[in-house]
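The next block holds one structure in the form of structure tokens; read it before the comments.
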There are 2 protein chains.
Amino acid sequence: MPSSLISARRLAPRPRTAVQTRVLTTALEMFADYGVSATSYQMIADALGVTKAAIYNKFKTKDELVLAVAEMELARLEDAVEEAEGQDNSETPARLLARVVEHAVEHRRAAHILQFDPVVVRLLSQHPPFQQFLDRLYAALVPGEHEPGARVQLAMLMSAIGGTVTHPLVAGLDDDTLRSELLDRTRQLLDSAKRAKGRPRARRP
Amino acid sequence: MPSSLISARRLAPRPRTAVQTRVLTTALEMFADYGVSATSYQMIADALGVTKAAIYNKFKTKDELVLAVAEMELARLEDAVEEAEGQDNSETPARLLARVVEHAVEHRRAAHILQFDPVVVRLLSQHPPFQQFLDRLYAALVPGEHEPGARVQLAMLMSAIGGTVTHPLVAGLDDDTLRSELLDRTRQLLDSAKRAKGRPRARRP
DNA sequence: GTCTATAGAATGATAGAC
DNA sequence: GTCTATCATTCTATAGAC
């Protein structure tokens with residue numbers, strides 16, 4: 001597997017000014033609070049203490065703003081994926097999983113929005129670079145062909161990580177506890193496939 | 001545990017006319033497609049071939065409409081929870097889990113919205129009957145006190161179920177395959193707690 | 001119950017002064 | 001780069017005729 005070719009496709013590496021980053025961070029907070037669709041330029045501008053025209057000067061449309069937020073957060077995972085593609089031994093998936101979980105716990109709200117906000121999901125599904133990045137992430141997490149069982153496994157992993165970190169039940173848990181527990185149980189999910197691969201599932205009903 | 005007392009609190013049992021149900025079903029479809037916040041009365045009315053005033057006659061506010069949709073879908077799980085509360089033996093959680101998974105697979109889009117749409121989540125969190133119902137569901141799935149480990153486990157279970165059924169990776173899977181795979185792996189998640197309970201997690205860092 | 005019509009507010013987005 | 005001001009559109013919600 002020529003990792004140099006794969007690594008070549010980077011996720012939009014365009015740099016941001018400090019002011020732009022402040023807008024993106026504030027927008028992310030409000031997206032998490034109200035959902036993307038219910039968050040207006042006016043609300044973000046008020047939170048920043050500027051007018052919405054000032055924000056339009058930096059992000060010409062709402063889609064562009066949302067994509068920039070998504071890009072900023074997904075980019076944090078890119079190093080982890082590239083590292084995984086560079087190694088490619090039997091412990092690679094577990095190490096990548098740990099980094100994904102860590103990222104999700106540290107950026108709980110962002111992880112949730114990226115996975116579940118209807119607007120973000122629709123936008124990302126329409127942008128090939130994001131889809132390609134997700135494909136790389138999936139391939140590094142669960143190598144090999146993706147038969148139905150592996151697809152369910154991957155979908156469960158991603159949903160469990162993105163959904164758990166903002167679930168009301170864990171709102172009171174500190175990051176260390178949450179990361180430790182979440183990592184333990186997602187590891188089980190990741191390992192279960194290898195065991196189930198050879199033998200036809202035989203469970204007494 | 002006096003199950004008769006618990007069963008007494010029912011989730012808003014108010015009946016709906018056929019026309020109301022048609023509105024709720026259409027609304028649910030559009031909520032799934034665009035998100036609740038981005039779905040307007042106008043859009044629902046157009047999809048139904050009526051005017052929005054006709055819908056306002058049945059649901060006086062958008063919040064009321066959203067709550068009615070959520071209520072309609074959550075009510076489908078109520079029988080399963082009551083049955084679980086009535087039995088209360090060691091196999092009860094697994095049986096309840098099976099019914100939750102079945103429901104989620106059969107109503108993929110509804111399950112996803114109930115768990116993740118920002119508007120729905122906010123509304124449900126403000127309505128005690130829904131929270132009480134969720135508490136009952138959680139208690140029946142994982143009996144006993146809910147220390148951090150159990151909370152993460154429950155959050156993962158619910159997130160994995162609600163998130164997986166609409167995940168792009170499983171969009172092509174038929175209901176039977178998805179249910180079977182999802183049930184297998186959620187059972188592992190449910191069982192893992194019992195094993196982890198006695199021993200203090202000792203993993204080499 | 002459903003329609004037409006509309007009120008009043010907010011939205012995304014732009015023009016032009018400073 | 002940020003402001004004021006505005007446009008066209010859409011939104012939730014209501015009034016009143018049929």
Side-chain angles (χ1 to χ4, degrees), chain A residues 14-72 113 117-124 126-127, chain B residues 14-72 113 117-124 126-127:
Chain A
R14 127 192 43 161
R16 304 277 175 197
T17 70
V19 180
Q20 279 175 325
T21 302
R22 235 193 115 220
V23 173
L24 294 179
T25 306
T26 302
L28 174 60
E29 288 296 312
M30 316 211 55
F31 290 166
D33 282 342
Y34 306 104
V36 172
S37 188
T39 303
S40 66
Y41 267 58
Q42 188 67 63
M43 294 164 68
I44 300 169
D46 289 347
L48 283 168
V50 297
T51 64
K52 57 180 179 175
I55 305 180
Y56 270 109
N57 180 273
K58 298 176 185 58
F59 303 95
K60 297 188 198 308
T61 67
K62 195 176 177 183
D63 280 3
E64 191 179 311
L65 172 62
V66 175
L67 278 175
V69 170
E71 181 185 285
M72 174 179 70
I113 290 170
D117 188 281
V119 175
V120 176
V121 169
R122 178 180 53 77
L123 273 179
L124 295 196
Q126 293 166 351
H127 282 249
Chain B
R14 126 191 46 159
R16 303 278 175 196
T17 69
V19 180
Q20 281 175 325
T21 302
R22 236 194 114 221
V23 173
L24 294 179
T25 306
T26 303
L28 174 61
E29 287 296 311
M30 316 210 56
F31 290 165
D33 281 342
Y34 306 103
V36 171
S37 188
T39 303
S40 67
Y41 268 58
Q42 188 66 64
M43 293 164 70
I44 301 170
D46 289 347
L48 283 167
V50 297
T51 64
K52 58 182 178 173
I55 305 180
Y56 270 110
N57 181 274
K58 299 177 183 57
F59 303 96
K60 296 189 199 307
T61 68
K62 196 177 176 184
D63 280 3
E64 191 179 312
L65 172 64
V66 175
L67 277 174
V69 171
E71 181 185 285
M72 175 179 70
I113 291 171
D117 188 281
V119 175
V120 176
V121 169
R122 179 180 53 77
L123 273 180
L124 295 196
Q126 292 167 351
H127 282 250

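Convention: sequence-line order gives letters A, B, ...; per-chain numbering from 1. The model shown is predicted, which means the values in this text are computed figures rather than measured ones.
Of the side-chain N and O atoms in B:Thr51, one or more sit less than 4.0 angstrom from OP1 or OP2 of C:dC3.
Partner of B:Asp117 under the side chain to side chain contact (heavy atoms under 4.5 Å, CB included) criterion, chosen from B:Thr39, B:Val66, B:Val36, B:Leu123: B:Val36.
The CD1-C1' distance, from B:Ile55 to C:dG1, rounds to 13 Å in whole Å. The distance between atom CG of A:Asn57 and atom P of D:dA5, rounded to the nearest whole Å, is 19 Å. What separates CG of B:Leu48 from C1' of C:dC3 is a distance of 15 Å, to the nearest Å. Here the P atom of nucleotide D:dT10 and the OH atom of B:Tyr34 are 14 Å apart, to the nearest Å.
Listed by chain and number, the residues in a side-chain hydrogen bond (donor to acceptor under 3.5 Å, both in side chains) with B:Gln126 amount to none (sequence neighbours excluded).
Counting heavy atoms from C-beta outward, A:Leu67 and A:Leu124 have side chains that approach closer than 4.5 Å.
Side chain of A:Lys62 to backbone of A:Ser40: no donor-acceptor contact under 3.5 angstrom is found. B:Tyr41 places no side-chain N or O within donor-acceptor distance of the main-chain N or O of B:Thr51, the cut-off being under 3.5 Å. When atom types are taken as modelled, the side chain of B:Lys58 and the backbone of B:Leu65 share no donor-acceptor pair closer than 3.5 angstrom.
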B/S/- contact track for nucleotides 5-13 of chain C, protein heavy atom under 4.0 Å: ------SBB
